[in-house]
Amino acid sequence: MMSQEQNDLITRTGPKDPCGKLMRSYWQPAALVDELQGARPIRPVKLLGENLVLFRNEQGRYGLIDRHCAHRGADLAFGRLEHGGLRCAFHGWLFDATGQCIETPAEPKDSKLCQNIRQRSYPVVEKSGILWAYLGEGTPPAFPELDCFVAPGTHTFAFKGHMACNWLQALEVGIDPAHASYLHRFFEDEDTSTAYGKQFRGASAGSDLPMTKILREYDRPIINVEHTEYGLRLIALREIDEERTHVRVTNQLFPHGFVIPMSTEITITQWHVPVDDENCYWYAIFTSYTNPVDKQKMRDQRLELYELPDYTSRKNKSNDYGFDPHEQATATYTGMGTDINVHDQWAVESMGAIQDRTKEHLGQSDKAIVQYRRLLRQEIEKVVGGERPMLFLDESKARSIQGPATMDGIGPTQGWELYWMEVDVKRRRGAPWTAPVPKEIEGKVHHLTAAE
């Protein structure tokens, strides 16, 4: 358990909050590129508690500025895209992508009023299907050389979804290896050949064992947590028998991301981005090491659950997340259908808008949660003290953070420590694009005998 003061410290991300200052040290997903397609590329954005408007001008440049006009506060999300900027529909004031006011048409012709008026604005870059914004001070950090940023556009797909809760409890589901054996339990196994684009539905690498069977029958994983340059590495071990052990390697990507295997060929890099203290979006980039991603299939699968334009779930608190007691008795552990996003959403939203951690009781299976919270507090203290937090990179160090390695497969009970590295390296070396081998494991893998 923790005090209310400690809980507030690690959950609240407003401009004046210590954790908010930490979050503003990093590029944040602000929208999907897809959201600014079409004839009117303007979207209201709420990010880290700030109300903003995102737009793309006629020259293709992105702007992210205060949502309320500097004149008299009208909503610029209803503005007009004209003359390289966004024009307020109230009095016609025009702002460029930097927030500079460049026209005040209702004023006298010789007025110089606009020269001294600027909306607050933030830089925006496009990367792997996501528009990233930097809300901090000074020069933004460089992006690390993660696989999702290195892979070509043909081999990545980006999507997002809304959760009505604080960002931290949403993130903590992703660094909790034990919950999958319960929350995502299926009582019967499906045909693994139809598992494309679905989490925990295919066969584990190196076997024909469905992941649903492994999670269901081996529900007391041994969890190892290792500190890395980018956050934490989590290794969950489920011993099948004396000869075989299921090994799942995932990563916490500081500050609010994780990298996990979705299948033998695709990984998920996912961030849980605060909208405000009681809402967040998960943004995910799916990265393929084999064939190009079937973007249309992936999008159609996810749009069965998520509604546009705000990417909210059709199954939610208002309809009990589709809960069916007969299904819970016969088919799934939750009774909430087969989409694990719904399971996760129920779990984290049911904790309340901001989980009251003064009442929780953690166990051995929560060791990654404990380690992450310590790391989060440590990095908050750094920023408050004027230091740069971890993963705030300059260009010279950006390439030092690669990968990270993930794995989900059946390996030897004796020797799994090298096995997972070999599997990851083999996949990278066989990729049709240059997938860098993380330096932390490159020197440890000289051959592929065990993996092959």
Side-chain angles (χ1 to χ4, degrees), residues 1-30 45-52 133-136 160-176 179 183 225 230-232 234 251-258 270-284 312-313 316-317 341 344-363 365-385 387 389-392:
M1 291 187 285
M2 62 173 61
S3 69
Q4 186 60 52
E5 182 181 11
Q6 290 172 325
N7 197 35
D8 288 342
L9 175 69
I10 62 175
T11 56
R12 298 190 178 277
T13 59
K16 297 182 180 179
D17 296 314
C19 190
K21 189 171 183 179
L22 173 73
M23 289 299 181
R24 285 166 175 78
S25 299
Y26 302 93
W27 288 99
Q28 297 287 340
V45 169
K46 192 172 186 181
L47 184 59
L48 300 178
E50 299 186 32
N51 288 304
L52 309 166
Y134 181 67
L135 276 61
K160 75 176 190 179
H162 178 263
M163 286 182 168
C165 68
N166 183 258
W167 70 275
L168 181 57
Q169 61 218 57
L171 168 68
E172 288 181 340
V173 167
I175 55 174
D176 173 10
H179 86 278
L183 185 66
V225 181
Y230 51 80
L232 302 172
L234 285 58
N251 304 273
Q252 193 287 310
L253 183 66
F254 200 80
H256 53 24
F258 56 74
Q270 185 163 307
W271 296 264
H272 288 84
V273 183
V275 173
D276 52 32
D277 290 338
E278 298 186 353
N279 293 273
C280 64
Y281 274 107
W282 60 260
Y283 281 82
T312 52
S313 175
N316 52 59
K317 186 177 181 179
N341 288 292
D344 287 340
Q345 182 184 350
W346 163 78
V348 299
E349 291 184 352
S350 69
M351 298 174 185
I354 303 178
Q355 180 193 351
D356 183 356
R357 292 175 177 80
T358 68
K359 297 179 180 180
E360 70 179 1
H361 298 80
L362 302 182
S365 63
D366 300 304
K367 61 175 63 177
I369 306 296
V370 173
Q371 291 294 319
Y372 171 73
R373 291 179 188 175
R374 288 176 182 168
L375 180 62
L376 180 58
R377 289 195 297 268
Q378 169 190 298
E379 299 306 308
I380 289 173
E381 289 175 5
K382 278 187 187 178
V383 171
V384 171
E387 298 180 52
M390 70 182 306
L391 222 59
F392 187 102

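Just so you know, these numbers come straight off a predicted model, no measurement behind them.
Of the possible donor and acceptor atoms, one in the side chain of Gln169 sits under 3.5 Å from a partner among the backbone N and O of Gly352. Although no hydrogens or angles enter the test, the distance criterion places a donor-acceptor pair under 3.5 Å between the side chain of Asn7 and the main chain of Gln355. Glu349 contributes a side-chain N or O that, together with a main-chain N or O of Ala164, makes up a donor-acceptor pair within less than 3.5 Å. Side chain of Asp277 to backbone of Asn166: no donor-acceptor contact under 3.5 angstrom is found. No side-chain donor-acceptor contact under 3.5 Å links Gln270 to the backbone of Gly257.
A donor-acceptor contact closer than 3.5 angstrom is absent between the side chains of Asp344 and Asn341.
Contact check for Val225 versus Ile175: no side-chain heavy atoms found under the 4.5 Å cut-off. Using a 4.5 Å heavy-atom cutoff, the side chains of Gln28 and Thr13 are not in contact. Arg377 has its side chain within reach of Ile10: a pair of non-hydrogen atoms, C-beta onward, lies under 4.5 Å apart. Contact of the Trp167 side chain with the Met23 side chain is registered, since non-hydrogen atoms from C-beta on lie closer than 4.5 Å. With a 4.5 Å cut-off on side-chain heavy atoms, Lys46 and Asp276 count as touching. Taking the side chain as every heavy atom from C-beta outward, Gln6 and Arg357 never approach each other to under 4.5 Å.
Between the CD1 atom of Ile354 and the CG atom of Asp8 there is a distance of 7.0 Å, given to the nearest 0.5 Å. Rounded to the nearest 0.5 Å, atoms CD (Glu381) and CG (Leu376) are 10.0 Å apart. Taking OH from Tyr26 and CG from Leu135, the interatomic distance works out to 14.5 Å, rounded to the nearest 0.5 Å. With rounding to the nearest 0.5 Å, the separation of NE2 in His256 from SG in Cys19 is 9.0 Å.
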**Request:** Evaluate the criterion side chain to side chain contact (heavy atoms under 4.5 Å, CB included) for residue pair Leu362 and Arg373; output intermediate values, then yes/no.
**Result:** CA-CA 12 Å; Leu362 302 182; Arg373 291 179 188 175; 3.9 Å; yes
**Request:** Let me see the working for Asp366 and Glu172 under side chain to side chain contact (heavy atoms under 4.5 Å, CB included), right down to the final yes or no.
**Result:** CA-CA 10 Å; Asp366 300 304; Glu172 288 181 340; over 6 Å; no
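The two residues Met163 and Trp282 come nearest to each other via the heavy atoms CE-CD1, 4.1 Å. Across every non-hydrogen atom of Leu47 and Ala30, the tightest pair is CD2-CB, 4.2 Å. The two residues Thr358 and Ser3 have their closest heavy-atom pair at CG2-C, 3.7 Å. Contact record, Glu379 with Met390: OE1-N, 2.8 Å, taken as the closest heavy-atom pair. In plain terms, the two heavy atoms of Leu48 and Arg24 that are nearest each other are O-NH2, 2.8 Å. Nearest heavy atoms, Ala368 versus Leu234: CB-CD2, 3.6 Å.
The only member of Tyr281, Phe258, Tyr283 that meets ring pair (Phe, Tyr, Trp, His ring centres under 6.0 Å) when paired with His272 is Phe258.
When the shell of 6.0 Å around CD of Gln4 is examined, it contains more than 12 heavy atoms from other residues, nucleotides or ligands.
The aromatic rings of Tyr372 and Phe254 lie tilted to each other, with the angle between the two planes from 30° to 60°.
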